[in-house]
Amino acid sequence: MTCDFLVIGAGIAGLSFAIRAAAHGSVIVLTKGNALDSNTAWAQGGIASVLQPGFCDDGDSVELHVADTLDAGAGLCREDVVRAIIGEGAATIDDLTGYGVDFDKHDDHFALGKEGGHSKRRILHARDTTGREIAESMVEVARRTPNLTLLEDHFTIDLITTGKLGSTTEDRVLGAYVLEKASGEVRIFRSDRVLLATGGCGKVYLYTTNPDSATGDGVAMAWRAGASVANMEFIQFHPTCFYNPAATGAEARSFLVSEAVRGEGGILINAKGEDFTRKADPRGSLAPRDIVARAIDREIKKTGAPCVYLDVTHKPPGFMRERFPFIHEKLRSFGLDCEKQPIPVVPAAHYQCGGVVTDVNGKTTIRGLYAIGEVACTGLHGANRLASNSLLEGNVIARRALADILSHYGVAKHTDDAPEIPDWHHGDVTAPDELVVIYHNWDELRRLMWDYVSIVRTDNRLRRAGTRLRNLKKEVREFYWGHRVTADILELRNLVAVASLVVDCAIRRRESRGLHHTLDYPAPDDRFLRDTVLRRF
Ligand code: SIN
């Protein structure tokens, strides 16, 4: 199959690009599962944006939003990128309402929420299911957009580039090998404009707020294709994942209690009822996430308790049900009435701040390959992402990427001089009959990343993780080449690759900054005031 624009991923970043690009050429969007399985659909809090005066919080401005983002990013944000993205925020909101997204309002003004690290109320939201509202609206628009084909259950295995085919001239993208899950066949999708919008890698960790699909596919593919990757040590742990020891199933184990709950007055307390986060930062429960997650980690280790608590019992009766209906109902289904009992919570992996290196237009180091959203490292987040900046980034960079592509490549196809792409060879491989190897390695990987590479790190633990990952990589490689590919083995292969990138970046950063905290170098060190960039070739 050939198209003008091949988009891999169907969250806000991919669809935002695809819907616009369809006015200029043929678009195929591939997603490995259901189009509503994206990280976007799971976002609760909302999208941060400063609206025009009169419609924003008193005294708020783009400058203040920029300052909060830079402050959270702990010295590593690229200020030009931060200004560009935040400056285009209001236009993004117009796009989304144009797609039918129904943000909450008070009278005829958007209702604005607050989250950690924000000095003002500036989070637009749709109850506590903002992501679902955005995803459903955009998938519906995508399905009726002419020139746009949305293919679900299509798992992209690898990018095809001139470099991979042996060319020594400028490396450019030619398309991708894609597993059609229903038939088990691998097909070639040709396009010399490929957009990676595959989200992050939360499933690398045992505990995560992410859906099962967050297996780092885009970063792993781009890395194998030779693109540069940066800042993978900065994995954000969300402070308040519902602690539910009896839970079975990913949805119950990964249930997020939005930071917006703290924005509305929820307070983190320990088992004695003490507001322990104030010792770490005067902003207490609403300090940036790195600070709050570390404070919880310390409290849990100090007291030996399995969790801390998010207390909203002081809010007026009915408040939670009205403002956070999804969270309220979900907690009730787990047997907890949050209006009467504090909510047990623990930190869990939530967001990958690093990724495939791009410029402010999503352009990677491989010609024709763009990366947008969580998969990318644009420089917006630096060492720690400010809450609710990511939906904003996905939408803004999607606009900019299309403008960049149109200005550099025009709309005509560029496939005439493209080299022949070899068919996928299954060789003499058989269907995998050793599923236990996959499941064992999957569990081992996620456990070792949790134990050795989570909120607080040491050189020793990182080295241990590196050694074990090298063994896992070898086993997975043997399995991959020895069997017919399936979604499970492809995900495991990507998880191992991305976990190794996290460890490689973390080992290089011999200081503590933002989300990377190591007991061996507990303070920031200006010699490391730069991105950790990994180059494959
Ligand atoms: C949340 O609702 O707490 C998540 C928001 C975000 O990660 O930006």
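Quick note: residue numbers are just sequence positions, from 1. Each ligand, and each atom within it, is numbered from 1 in the order the structure gives.
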Report every pair formed by an N or O atom of ligand 1 and a protein N or O atom separated by less than 3.5 Å, giving atom names and the distance to 0.1 Å.
from, atom 1, to, atom 2, distance (Å)
ligand 1, 2 (O), Gly45, N, 2.9
ligand 1, 2 (O), Ser258, OG, 2.6
ligand 1, 3 (O), His238, NE2, 2.7
ligand 1, 3 (O), Glu259, N, 2.6
ligand 1, 7 (O), Arg289, NH1, 2.9
ligand 1, 7 (O), Arg289, NH2, 3.1
ligand 1, 7 (O), His350, NE2, 2.7
ligand 1, 7 (O), Arg385, NH2, 2.6
ligand 1, 8 (O), Arg385, NH1, 2.9
ligand 1, 8 (O), Arg385, NH2, 3.3
ligand 1, 8 (O), Ser388, N, 2.6

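- In this structure, the ring of Tyr351 has its center less than 6.0 angstrom from the ring center of His381.
- Within 6.0 Å of CG on Asp94 lie more than 12 heavy atoms contributed by other residues, nucleotides or ligands.
- In summary, the side chains of Gln236 and Asn384 do present a donor paired with an acceptor at a separation below 3.5 Å, with no hydrogens or angles considered.
- Residues in residues 281-310 take part in no ring-ring contact (aromatic ring centres under 6.0 Å, His included) pair, two or more places apart or across chains.
- Under the side chain to side chain donor-acceptor pair (under 3.5 Å) criterion, Lys330 pairs with Glu251, sequence neighbours left out.
- Every residue was checked against the side chain to side chain donor-acceptor pair (under 3.5 Å) condition with Asp102, not counting sequence neighbours, and none meets it.
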